[in-house]
A.B. asks: 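Mind having a look at this structure? Questions to follow.
In what follows, chains are A, B, ... by sequence order, proteins preceding strands, each numbered from 1.
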Amino acid sequence: MTLLYFAWVRQKIGKHEENLALPAGVATVADLVAYLKRLGPGYAEAFADESRIRVAVNQRHGKFDAAVAADDEVAFFPPVTGG
Amino acid sequence: MTLLYFAWVRQKIGKHEENLALPAGVATVADLVAYLKRLGPGYAEAFADESRIRVAVNQRHGKFDAAVAADDEVAFFPPVTGG
Amino acid sequence: MKTKIKIQPEDFSIDAEVAALTAEGDPGAVASFTGHVRREGDLAALTLEHYPHMTEGEIARIAEEAASRWPLSGVTVIHRIGQLAPGARIVLVAVAATHRQAAFQACEFLMDYLKTHAPFWKEEKRGTERHWVEAHAGDDRAAERWHK
Amino acid sequence: MKTKIKIQPEDFSIDAEVAALTAEGDPGAVASFTGHVRREGDLAALTLEHYPHMTEGEIARIAEEAASRWPLSGVTVIHRIGQLAPGARIVLVAVAATHRQAAFQACEFLMDYLKTHAPFWKEEKRGTERHWVEAHAGDDRAAERWHK
């Protein structure tokens with residue numbers, strides 16, 4: 001799967017994009033977040049307050065209970081502030 | 001007093017502006033309209049359907065019961081259609 | 001509040017008016033409206049007449065009423081007169097404010113009142129015939145909803 | 001309905017976009033909105049980041065939703081990205097329709113949804129410090145009122 005990070009999520013994790021083989025036991029966005037949190041202190045910090053994180057799966061806004069699959073593009077970012 | 005006519009009121013009466021000494025017995029817009037109707041067929045036609053006539057006294061929208069005085073500017077016109 | 005009112009035969013620049021409204025202060029939001037001559041059937045042109053002594057004063061009163069209802073930093077109203085071709089712009093109302101909801105509401109309010117209170121009259125030319133446009137009851141209702 | 005969506009660093013011309021929206025058909029009314037970088041305190045610049053794969057699709061969905069609610073002839077959305085100075089224009093939403101109430105309502109709807117759904121993020125530069133702008137609860141409430 002492709003993971004994308006924007007704004008301060010990107011800054012805390014230290015990268016904009018990465019590819020990841022779907023980890024064992026990861027079926028939803030919430031599972032993926034739990035997995036990422038354990039990858040390092042930057043990830044842990046980025047996902048520390050999950051209420052501040054929004055997600056898009058394949059370029060569509062989603063929720064943490066949304067399913068994720070091996071060839072999905074999953075993006076994490078703060079609430080949007082355009083306009 | 002100065003009388004002004006706009007749009008089809010102007011066309012029916014055949015002039016844009018005229019000066020008039022305040023006629024005896026004319027105290028309100030309604031009195032003035034009754035007086036003007038008798039001035040000729042153009043006036044009679046212009047004021048035939050009073051529901052289609054709007055009035056401004058000294059450049060402010062008014063009603064037919066508004067008072068008129070010798071030095072007023074009174075304008076008659078159809079409902080406005082700008083914008 | 002900064003108010004600019006112009007009655008003119010010439011066309012206008014929305015970009016220039018928006019730039020003027022945002023040249024100073026902190027207006028984060030500008031809502032604008034342009035009305036255009038309809039492009040329909042045999043409508044050849046529209047001619048706009050107005051009541052010069054009254055028009056600017058009436059629009060200024062409408063702008064003051066808007067400023068008393070919403071926190072605005074500027075209002076610009078430009079209304080064209082004379083003969084206009086189909087598609088031509090007739091009117092610009094632009095409202096600057098810190099917040100977009102105030103700008104939108106005030107812009108719509110100004111248009112509703114302009115339609116029902118500003119002394120302009122439109123004459124249509126269709127082929128060789130000319131006739132005066134009738135006022136719309138819908139415009140009166142649009143203005144009345146602001147009384148509530 | 002004609003939809004134009006552009007994400008670009010460059011500024012735009014409101015006049016040109018309104019002209020394009022009214023070049024054909026019978027749109028008598030165009031409601032427009034421009035959002036500007038605030039001019040306040042020590043705010044030196046705003047930098048806008050977005051999610052390129054997603055932005056246009058999300059705005060297109062918002063425009064389709066607007067077109068399903070109101071009779072519109074065209075929608076144009078231009079959103080700038082990159083670094084913008086105080087006073088600079090950030091976004092243009094312009095909506096053309098036969099009737100002005102549809103144009104106004106759809107323009108406000110589009111702005112409310114753009115603010116809460118389009119994947120853009122603003123970073124402020126104040127002096128030498130940079131920080132990400134927080135989302136406003138007021139924007140969520142503004143978008144929610146359209147659910148009713």
Side-chain angles (χ1 to χ4, degrees), chain A residues 1-20 22 28-29 32-33 36-37 41-83, chain D residues 5 7 33-38 46-62 65 77-82 84 89-93 107-124 130-143:
Chain A
M1 64 201 326
T2 302
L3 300 182
L4 298 172
Y5 310 113
F6 293 95
W8 54 255
V9 178
R10 169 177 56 73
Q11 290 177 327
K12 286 181 196 294
I13 291 173
K15 57 184 114 177
H16 168 56
E17 179 172 352
E18 62 186 318
N19 290 299
L20 193 76
L22 185 67
T28 66
V29 170
L32 181 59
V33 168
L36 291 170
K37 272 181 166 175
Y43 292 91
E45 201 191 329
F47 292 107
D49 181 357
E50 292 179 18
S51 73
R52 299 181 66 208
I53 299 290
R54 299 292 179 271
V55 65
V57 179
N58 299 325
Q59 300 96 43
R60 300 291 292 260
H61 290 293
K63 299 206 162 148
F64 273 41
D65 60 2
V68 293
D71 55 356
D72 283 346
E73 176 177 296
V74 182
F76 292 103
F77 43 78
V80 303
T81 57
Chain D
I5 299 164
I7 315 300
F33 179 87
T34 49
H36 300 253
V37 180
R38 299 191 58 180
L46 213 57
T47 303
L48 273 133
E49 176 174 334
H50 79 129
Y51 179 178
H53 293 178
M54 179 171 170
T55 314
E56 288 195 25
E58 189 64 25
I59 296 173
R61 274 191 291 277
I62 299 168
E65 175 66 24
V77 176
I78 303 180
H79 202 299
R80 295 176 72 189
I81 49 172
L84 300 173
R89 305 191 291 189
I90 303 168
V91 64
L92 168 70
V93 172
C107 192
E108 197 167 359
F109 171 89
L110 283 160
M111 272 309 302
D112 286 347
Y113 270 81
L114 198 73
K115 284 260 180 191
T116 51
H117 288 69
F120 291 95
W121 300 274
K122 289 187 184 118
E123 191 186 36
E124 287 184 351
R130 289 175 172 279
H131 70 93
W132 293 93
V133 173
E134 294 281 335
H136 296 282
D139 286 329
D140 287 329
R141 285 193 298 272

A.B. asks: Which pair of non-hydrogen atoms, one from Ala135(D) and one from Val80(A), has the smallest distance, and what is that distance?
C.D. replies: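 The answer is CB-O, 3.9 Å.
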A.B. asks: Quick one: closest heavy-atom pair of Ala56(A) and Met54(D), and the distance?
C.D. replies: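 Taking Ala56(A) first and Met54(D) second, the nearest heavy atoms are CB-SD, 3.6 Å.
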A.B. asks: Is it the side chain or the backbone of His53(D) that comes within 4.5 Å of chain A heavy atoms, both, or neither?
C.D. replies: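 Contact with chain A is through both the backbone and side chain of His53(D).
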A.B. asks: Chain D: which of His16(A), Gln11(A), Arg52(A) shares the most heavy-atom pairs with it under 4.5 Å?
C.D. replies: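 Looking at each of His16(A), Gln11(A), Arg52(A) in turn, Gln11(A) comes out on top.
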A.B. asks: If I take atom OG1 from residue Thr116(D) and atom NE2 from residue His61(A), how far apart are they, to the nearest 0.5 angstrom?
C.D. replies: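 The distance works out to 8.0 Å.
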A.B. asks: Does any backbone or side-chain atom of Arg10(A) lie under 4.5 Å from a heavy atom of chain D? Answer side chain, backbone, both or neither.
C.D. replies: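 Looking at Arg10(A), just its side chain touches chain D.
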A.B. asks: What heavy-atom pair brings Tyr51(D) and Ala75(A) nearest, and what distance separates the two atoms?
C.D. replies: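 For Tyr51(D) versus Ala75(A), the nearest heavy atoms are CE1-CB, 3.4 Å.
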A.B. asks: Would you say that more than 12 heavy atoms from the other residues, nucleotides or ligands in this model lie under 6.0 Å from the CZ of Arg60(A), or not?
C.D. replies: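 Counting other residues, nucleotides and ligands, CZ of Arg60(A) stays at 12 neighbours or fewer.
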A.B. asks: Which pair of non-hydrogen atoms, one from Val133(D) and one from Thr81(A), has the smallest distance, and what is that distance?
C.D. replies: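 Scanning both residues completely, I find the closest heavy atoms to be O-CG2, 3.4 Å.
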A.B. asks: On the 0 to 90° scale, with breaks at 30° and 60°, tag the Phe6(A)-Trp121(D) ring pair as parallel, tilted or perpendicular.
C.D. replies: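 Judged by the thresholds at 30° and 60°, the geometry between Phe6(A) and Trp121(D) is parallel.
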A.B. asks: Counting only non-hydrogen atoms closer than 4.5 Å, does His117(D) touch chain A with its backbone (N, CA, C, O), its side chain (CB onward), both, or neither?
C.D. replies: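 Both backbone and side chain.
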A.B. asks: Which one of Met111(D), Arg80(D), His136(D), Glu134(D) has the most heavy-atom pairs closer than 4.5 Å to chain A?
C.D. replies: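 Top option by heavy-atom pairs under 4.5 Å: Glu134(D).
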